[in-house]
Every structure is written in C-alpha cells, then in structure tokens.
Amino acid sequence: NSEFTVSERGTPIPGKAFTFRAFPSRLAIYDDMSVDLVTLANNHVYDFGRDAFYDMLDAFDEKGLPHIGAGRNLEEAKKAYYYKAPSGQTIAFVNASRAEKWGIDTPGATADEGGILLCYDTAEFVDAIKTAKENSDYVIAIVHWGTELSHTLEQVQISTAREYIDAGADMIVGGHAHTLQGIDFYNGKPIIYNLGDFIFNDCDEMTAMYQFILTPEGEFKYYFKVGRQANQYTDFLDGEERAELVHQVESWSPNIQILEDGEIVQK
C-alpha cells in the first residue's frame, strides 16, 4: 500500500490533517524493497490534488511498477493485476477503499475522470472481483478500511468481506487501521481484517506480515508473521513478545488459531 501521492506539484488539500507526498525519485525505495505490485486505493494518493495524482500514475507507469486500485478512469481503477505462478495458476489482485468516514477527500474514479476505486457502494468492486475471477484461478481482494487505531471491527467490514468472497474472492487482506485487527474464515476463505503498518513514519508499534503458500495442486496454507516496527525498521518477533501478540490476535479472532510456525488454521 503506497500511502502518498508522488509528484513535485500541487498543494495540500485544505483542512486535511495529514497530507503525504514524495518526489518521483523516491520510488527507488521500492526497488530496494523488491516490491512487485503497489496498491493505490487509499485516502492519501489525492492529498495534493488532481495534477499530483496524475503525476503519480505517470511516475509508476514510467518506472514500470504495476499498480491497482486507482487510474485515469473507472475502467483503469477496476483493472486487476494478474500474476502467473510457476506452477501455471493465475492469481489476480484487485484493490478498493472505503477508508474516509467524515467526508471523502479522495475522489472515486468515474467513466472519464481519474480517482481511486471506492467501495462504499460495493457494486463496482464486486464487478471487478467477478471479472478478475473469470480471468484467473484465484482472486485476492485488498481493501483499505476499518477504524484507525482500533482493534474493533466495523460491522461493514464483516458483511462486505463475505460479499466479496461470495463474488469470487479467495482471500481478503485489509489495511488502513494502523493497527492489527482480527482474522476470520468464511466459506473456507481467509479474511485478514487489518495488518497494521509495515513501515509508517517513526512509530513504535506491533505489526504483522501475511504470507500464503499455494501448492501446485491448488492447496493454500496461510501464515501470520507477527513483528514490531521501531526506529524506522520492521522485524519479526519471537519468544514471549511473539506469544503475547499471537494471543491478542487470537482473542480478536474466535474462529482461528495461529500455530507455533505462524500457520493460521480454522477452528
């Protein structure tokens, strides 16, 4: 999740508490991090206005770094990224946001205007998932949602996650809350409600990395690697710290268990 616009132009949106921007040259960091795909459906890619937003799309295109969840029009914002696994299976990634609750500063893409894929009304995202499923073996839906700094789920996260799985998604991965939230399974498909921050400013906080393994036979295993971000560095936890955080996540997730190696299993 690339939570800033990329441009040398624009001015901050008036009245917005936090606005984030990076110079295009800073995208070299994604090379250092071995990033293969960027999600852009979030509440900060439009922080410096329309020109900066389009500059961001151009910067990613010029770099050749695939991105989903935003575009120059709705068709582009809904477009999936398709990854061909070495075993031959195709995995599709789609991305949408419903993060802003007190006025929407980040516009949704329309037929002829740029923006992000919004999912307050789920119809367009459901359509994106269905289209992706028609062209792939598996669909991963990445959603920007939830209440910031809260472990408590919104009811809409639960209901729409199930709607997306019913539409064809094989797993749901959430972000935006800046903290960990629970994990669930629905019809055998995992829902990772919020992973927290991988790297965000100079915060000192618990976080996690989600890993899934797909076998050549089409079987999945899911892993939850708990960690901590501190001093602008993120690393995995072990020992008592890890056990305590695993216990917390399990307490928010009554239907799952996290095993010693991090595997998530359904109770």
* Considering residues at least two apart in sequence or located in another chain, which fulfil the side-chain contact (heavy atoms from CB on, under 4.5 Å) criterion with Glu148? -> His176, His178

* To do: Fit a plane to each ring of Tyr210 and Phe212, take the angle between them on a 0 to 90° scale, and name the class: parallel (under 30°), tilted (30 to 60°) or perpendicular (over 60°).
  => tilted

* Parallel under 30°, tilted from 30 to 60°, perpendicular over 60°: which one fits the rings of His44 and Phe20? -> tilted

* Asked: Given Arg72, which of Asp55, Asp112, Asp61 fulfils the salt bridge (Lys or Arg N to Asp or Glu O under 4.0 Å) condition?
  -> Asp61

* Asked: Looking at Asp204, Asp235, Asp238, which one forms a salt bridge (Lys or Arg N to Asp or Glu O under 4.0 Å) with Arg228?
  -> Asp204

Is a donor from one side chain sitting under 3.5 angstrom from an acceptor on the other, for [X] and [Y]?
X      : Y      : answer
Asp137 : Gln89  : no
Ser2   : Tyr30  : yes
Asn1   : Glu3   : yes
Gln257 : Gln266 : no

Any side-chain heavy atom of [X] sitting closer than 4.5 Å to one from [Y]?
X      : Y      : answer
Trp252 : Ile183 : no
Val38  : Phe60  : yes
Tyr193 : Ser253 : no
Thr234 : Thr207 : yes
Leu118 : Arg98  : no

* Asked: Run the side chain to side chain contact (heavy atoms under 4.5 Å, CB included) check on Arg9 and Phe48 step by step: do they pass?
  -> CA-CA 8 Å; Arg9 299 194 293 166; Phe48 282 72; over 6 Å; no

* When rounded to the nearest 0.5 angstrom, what is the spacing between CD1 in Ile192 and CD1 in Ile172? -> 10.0 Å

* Got a sec, which pairs hit salt bridge (Lys or Arg N to Asp or Glu O under 4.0 Å) with one end in residues 113-127, sequence neighbours left out? -> Arg50-Glu113, Lys78-Glu124, Lys78-Asp127

* Structure fact -> Residue pairs meeting ring-ring contact (aromatic ring centres under 6.0 Å, His included), one or both in residues 70-120, sequence neighbours left out, come to none

Shortest non-hydrogen contact between [X] and [Y], atoms and distance:
X     : Y      : answer
Ala92 : Ser136 : CB-OG, 3.5 Å
Ser97 : Ile116 : CB-CD1, 3.8 Å
Ser7  : Phe23  : O-CD2, 3.8 Å
Gly69 : Ala41  : O-CB, 3.5 Å
Pro24 : Ala59  : CB-CB, 4.5 Å
Leu65 : Val35  : CD1-O, 3.5 Å

* Identify whether the distance between the nearest side-chain nitrogen and carboxylate oxygen of Glu154 and Lys101 falls below 4.0 Å. => yes

* Asked: With a 4.0 Å cut-off, would you call Asp47 and Lys16 a salt bridge?
  -> yes

* Checking Arg21 against Phe4: charged group under 6.0 Å from the ring centre and within 45 degrees of the axis? -> no

* Derivation of the side chain to side chain contact (heavy atoms under 4.5 Å, CB included) call for Tyr138 and Thr90 -> CA-CA 7 Å; Tyr138 308 101; Thr90 299; over 6 Å; no

* Under the side chain to side chain contact (heavy atoms under 4.5 Å, CB included) criterion, do Leu40 and Ile68 qualify, and how do the steps go? -> CA-CA 6 Å; Leu40 295 177; Ile68 54 175; over 6 Å; no

* Asked: Should we count CG of Asn231 as having more than 12 external heavy atoms under 6.0 Å?
  -> no

